[in-house]
2 protein chains.
Amino acid sequence: MSLREEIISVSRQLLLKEGFGKISMRKVARRADVTATSIYLHFKNKDELLLALVEESILKLGSELKAALKPDSDPIEQLKDLANAYIRYALDNPQEYEIIYMVRPEEMPKYPKEKFQQIRKVYELIAEVISRGKEKHLFDVDDELISAYTLWAQIHGVVSVVLNKRLDTRIPREKFLDQAVDHIIQGFVIQKTPV
Amino acid sequence: MSLREEIISVSRQLLLKEGFGKISMRKVARRADVTATSIYLHFKNKDELLLALVEESILKLGSELKAALKPDSDPIEQLKDLANAYIRYALDNPQEYEIIYMVRPEEMPKYPKEKFQQIRKVYELIAEVISRGKEKHLFDVDDELISAYTLWAQIHGVVSVVLNKRLDTRIPREKFLDQAVDHIIQGFVIQKTPV
DNA sequence: ACTGTGTACTTAACAGTGTTAACCTACGTT
DNA sequence: AACGTAGGTTAACACTGTTAAGTACACAGT
């Protein structure tokens, strides 16, 4: 294993054990049995190191979503499965999820798009499901890519409130999550009032 | 002005100018013309200082929402106004908004509830609108408090994606926000298919 | 008038942070 | 044999949050 890989592996361990906020160059270096400055031979700075972890986490999230997508279900069920898989991943792997949104390198705006093509693939996965539902006249959407982002954002918000411990203590977490998913999905489907 | 107030005021200035991540005890102290240790006479630690700023921001957000609520509109319109006011506040005051969600004191779980009663009032503002809509058979909700949290969470997610610059460059921001609000509101209303 | 108490502040220090400049050393190529 | 370079090192800079100990001063009780 190259030192670069070793550094990432050690950083990952630290991420899982203590969260991304407690990753420090010196701590990583110590566990990789090198000096802190050596890391700079393989990563431009700390942001780039963390970004490597972000990429890994996005990939993992993407594969979880892909695994949750049953190809024969109807689009509404598929969307629900995707939402629940997303929530499950986030709550089961809070550290790995958080780093995706919490790390914001300074140069983010002008960051090479290639780095984010993996995340686009995830969006397109959602967009496809929405497209299929639109064809079947199940979903009431205008632009499916925008809708995919909207769906993602809404679920992220729900997850984020739970992870940030901002949920009212009176509200049971599971009930909140279930009801949130219902509302979110309902925002996309065309509803037919049973006459 | 007491030193405590002066410290908060200076911290606020720093928050607005550089964001919450760049607030440091020594920087605050320097601008308040005292030493860093003096801050500890008025705040238990940095988290408590930041929490004071969080409270201020929540209060401000709350009053913006209250101002946006036209008492004579129908609940659907009211909900839309609240959502848009929320988004406007967050995008116009990113630093003040971010600190609300980004600061997570270690002892958050067991944090005194009183501190968060202001934010509860905001939730209850939303919950009331939802309740009124429920009475008028406009909204399809189970528990209105949970729905209020859900709505909040969804909007936060949408805002957060924009603020974190995670929005696809192909997607125009305004269109995304409009469509997101539409979807979110639609998730709450009972739709009647025009026969 | 003298002593004591408490408040509000300071200085000095600890243990850590990201990052850079300068240096060293071993290996592969010419 | 000489050179260049890849991959590491040490030392240092300028920060960070936080604590222990010390100081200066106002006010109260005797």
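Every chain is numbered from 1, with letters handed out A, B, ... down the list of sequences.
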note: B/Leu49, atom CG; D/dG17, atom P; distance rounded to Å ~ 10 Å

Rounded distance (Å) that lies between atom P of C/dA8 and atom CD of B/Glu6:
16 Å

Contact class for A/Ser24 (heavy atom, under 4.0 Å): base, sugar-phosphate, or nothing?
sugar-phosphate

Can you check the A/Glu18 CD to C/dG16 C1' distance for me, whole Å?
14 Å

For the residue pair A/His156 and A/Tyr97, categorise the inter-ring angle as parallel (less than 30°), tilted (30 to 60°) or perpendicular (more than 60°).
tilted

For a quick check of understanding: with a heavy-atom distance under 4.0 Å over all strands, which category does B/Ile23 fall into, base, sugar-phosphate or nothing?
sugar-phosphate

Of all of residues 29-36 of chain A, which get a heavy atom below 4.0 angstrom from DNA chain D, listed by number?
A/Val34, A/Thr35

A/Leu41 CG to C/dT25 C1', in whole Å, measures 14 Å

In whole angstrom, what separates A/Arg4's CZ from D/dG8's P?
13 Å

Minimum heavy-atom distance between B/Gly62 and B/Val122, given as atom pair plus value
CA-CG2, 3.8 Å

Is B/Thr37 side chain donor-acceptor paired with the D/dT18 base, going by distance under 3.5 Å alone?
no

So, is A/His42 close to the D/dG8 phosphate, meaning a side-chain N or O under 4.0 Å from OP1 or OP2?
yes

Please test B/Leu53 against B/Ile23 for side chain to side chain contact (heavy atoms under 4.5 Å, CB included), starting from the C-alpha separation and ending with a verdict.
CA-CA 11 Å; B/Leu53 298 180; B/Ile23 297 176; 3.9 Å; yes

Of all the heavy-atom pairs spanning A/Ile7 and A/Leu49, show the shortest one and how long it is.
CG2-CD1, 3.8 Å

Would you mind reading off the distance between B/Leu50 atom CG and D/dG17 atom P, rounded to a whole angstrom?
9 Å

Using heavy-atom distances to pick each residue's nearest nucleotide on DNA chain D, tell me which of B/Tyr40 and A/Leu3 is more 5'.
A/Leu3

Between the main-chain N or O of B/Lys70 and the side-chain N or O of B/Gln78, is there a donor-acceptor pair closer than 3.5 Å?
yes

Please give, in whole Å, the distance from D/dC13 P to A/Arg26 CZ?
14 Å

A/Lys44 NZ - C/dT19 P separation (whole Å):
10 Å

Salt bridge A/Arg170-B/Glu124, side-chain N to carboxylate O under 4.0 Å
yes

For the residue pair A/Asp168 / B/Tyr149, report whether a side-chain donor-acceptor contact shorter than 3.5 Å exists.
yes

